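Have a look at the structure below before the remarks.
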Amino acid sequence: MAVSKNKDRYTVDESFDCTPVLVQGIFQSANRGYTKKQSRLSNELTEKDAAISQAWNVRVAAIAACPWEIVRGSSEHNDFIEKSLKNIQPTFDSGLVSFNKLLQFLQSAVMQGFSANTIEWGPGDSSIDGFKTFDQSLFSFNNSDLPYFVGKVAGLVDDGRGHRDQKRINLTSPRWMYHTATNSRGTEPLRSGLVRPLGYLYAFRRHVQIEYLRGLEKYGLPMPAVSVDSGMYDDENAAKKAVNEMMSSWTYDGYSIVDKDKMEITFPSAGANFDAETFKSFLEFAEKQIFRLILGQDSTSSADNSNRSTAQVHNLVRADMLASDANAVEATINNQIIKPLFEAAFGFSDSIPVFRFRLKGVSEIQEMATVVKTLDEGGWEVSQEVLSERLGFPVTKKESQDVND
């Protein structure tokens with residue numbers, strides 16, 4: 001019986017010996033519509049650079065761990081949509097993921113420019129069994145403004161030059177979901193991902209790190225040396241053996257014994273032309289740029305983000321970036337999941353329920369409550385609908401009670 005085993009699906013490491021010229025070639029390939037190299041580089045950056053990995057995990061968690069709700073429909077319709085999404089629990093061998101896992105994958109569009117998934121519908125298309133995610137490297141934009149899946153079972157299509165020899169699957173609704181980040185440059189999502197600035201930053205940062213470590217090894221670990229008379233330089237000389245034993249007991253990283261009459265060896269010392277602070281300052285600068293690119297701020301570069309509450313994680317991402325991510329994900333879910341799901345179950349309606357993240361933290365709610373109190377004391381009234389929208393949860397007015405009750 002054959003035994004299955006894990007295997008590395010990458011035959012080429014795109015970021016190996018990464019140089020700016022190599023990065024430029026990867027992006028030029030993506031500009032022509034081929035996503036494979038850029039997609040692999042995106043994944044490898046979060047594996048090989050600790051700062052990129054940490055900041056990126058925070059950016060994903062800020063959305064994936066954010067509480068959400070269904071609003072603007074009737075209570076019956078809202079409850080149906082919420083249960084439909086929360087009850088998606090595919091088995092491990094189905095190849096499908098839950099709605100919460102889908103939220104995490106949608107964030108990959110911020111790094112890579114786009115993401116594509118399929119919705120596995122239940123009987124009658126009135127329920128969802130799960131979602132299937134696809135790595136961006138499986139798609140191509142060659143001769144197309146929209147990505148198409150390069151599938152083994154796809155039919156032959158006309159490539160625009162009279163040839164029908166390209167196998168492709170075009171993304172069609174409602175089975176396929178196509179998501180792009182809000183900073184997408186029109187019909188060029190492959191040029192909008194954070195992988196572009198991060199790729200060059202990683203290449204320069206890696207080069208400096210290598211030289212920095214070489215300098216520390218070369219100049220930071222001086223080599224002890226002993227000059228001996230020619231007569232002691234013979235390997236059979238008992239005095240040289242004694243010197244060998246003495247030096248080996250004093251040192252851990254090696255030493256040298258030279259004939260002072262025939263050679264003179266000068267080893268680099270702490271006074272050599274190696275300024276470690278110059279390298280360190282660039283590496284610190286590059287790390288700050290990484291956090292600014294991904295999180296919008298650099299004050300969290302030394303923070304431990306692994307055990308933070310949802311509200312604390314939100315504070316690590318600049319508010320405008322978090323809102324931008326939320327708006328993009330909300331639009332995709334409302335248009336490509338909730339709309340077809342609702343219409344399959346209830347038919348067409350002008351009041352379709354809406355998916356919405358609850359992004360506001362306690363401090364922001366407290367500030368808004370203070371503003372409302374100030375307006376009330378000044379004789380102004382705030383709309384209940386607007387107040388609920390701003391606060392992120394329904395607000396109802398208390399019924400006045402008789403003091404004699």
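In this chain, residues are counted from 1 in sequence order. Small disclaimer: the values here were computed from a predicted structure and weren't measured.
Counting only distance, with no hydrogens or angles, the side chain of Q209 and the backbone of L283 share no donor-acceptor pair below 3.5 Å. Of the possible polar contacts, one joining the E44 side chain to the E14 backbone as a donor-acceptor pair under 3.5 Å is found. For the pair S281 (side chain) and E277 (backbone), a donor-acceptor distance under 3.5 Å is present.
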Please tabulate, for the side chains in residues 45-53, all donor-acceptor contacts under 3.5 angstrom to protein atoms that are two or more places apart in sequence or on a different chain.
unit_1: T46; atom_1: OG1; unit_2: N43; atom_2: O; d: 2.8
unit_1: K48; atom_1: NZ; unit_2: D13; atom_2: OD1; d: 3.0
unit_1: K48; atom_1: NZ; unit_2: D13; atom_2: OD2; d: 2.7
unit_1: K48; atom_1: NZ; unit_2: S15; atom_2: OG; d: 2.8
unit_1: D49; atom_1: OD1; unit_2: A51; atom_2: N; d: 3.0
unit_1: D49; atom_1: OD1; unit_2: I52; atom_2: N; d: 3.1
unit_1: D49; atom_1: OD2; unit_2: R205; atom_2: NE; d: 2.8
unit_1: S53; atom_1: OG; unit_2: T46; atom_2: O; d: 3.4

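By the side-chain contact (heavy atoms from CB on, under 4.5 Å) test, L171 pairs with A116, F139, P147, W176, Y178, sequence neighbours left out. Here S94 pairs with P90, T91, L96 under the side-chain contact (heavy atoms from CB on, under 4.5 Å) rule; sequence neighbours left out. Legend: residues meeting side-chain contact (heavy atoms from CB on, under 4.5 Å) with T332, ordered by chain and number and at least two apart, are M177, H179, Q336. The side chain to side chain donor-acceptor pair (under 3.5 Å) search around S74 returns H77, not counting sequence neighbours. Residues forming a ring pair (Phe, Tyr, Trp, His ring centres under 6.0 Å) with F105 (at least two apart in sequence, or on another chain): none. Not counting sequence neighbours, R32 has no partner by the side chain to side chain donor-acceptor pair (under 3.5 Å) test. Residues satisfying the side-chain contact (heavy atoms from CB on, under 4.5 Å) criterion with T278, sequence neighbours excluded, are D275. For E343, the side chain to side chain donor-acceptor pair (under 3.5 Å) partners two or more places apart in sequence, or in a different chain, are K339.
Considering every non-hydrogen atom in both T35 and S137, the closest pair reads OG1-CA, 3.6 Å. Among all heavy-atom pairs drawn from C66 and A62, the shortest one is CB-O, 3.5 Å. Here the closest non-hydrogen pair linking G130 and I88 is CA-CG2, 3.6 Å. Residues Q38 and L190 share a closest heavy-atom pair of NE2-O, 2.9 Å.
With contacts defined as side-chain heavy-atom distances shorter than 4.5 Å, the pair V110/L194 qualifies. R40 places none of its side-chain heavy atoms less than 4.5 Å from the side chain of I26.
Among pairs with a residue in residues 14-44, those fulfilling ring-ring contact (aromatic ring centres under 6.0 Å, His included) read F27-Y200, at least two apart in sequence or across chains. Applying the salt bridge (charged side-chain N to carboxylate O under 4.0 Å, His left out) test to pairs two or more places apart or on separate chains, those with a residue in residues 85-112 are E82-K86. Here side chain to side chain donor-acceptor pair (under 3.5 Å) pairs that include residues 121-130, with residues two or more places apart or in two chains, number zero.
Ring centroids of F282 and F204 are separated by 6.0 Å or more, keeping the two rings apart.
By the 30° and 60° cut-offs, the orientation of the rings of F346 relative to F342 is tilted.
Between R358 and E69 there is a salt bridge, since at least one side-chain N of the basic residue sits less than 4.0 Å from a carboxylate O of the acidic one.
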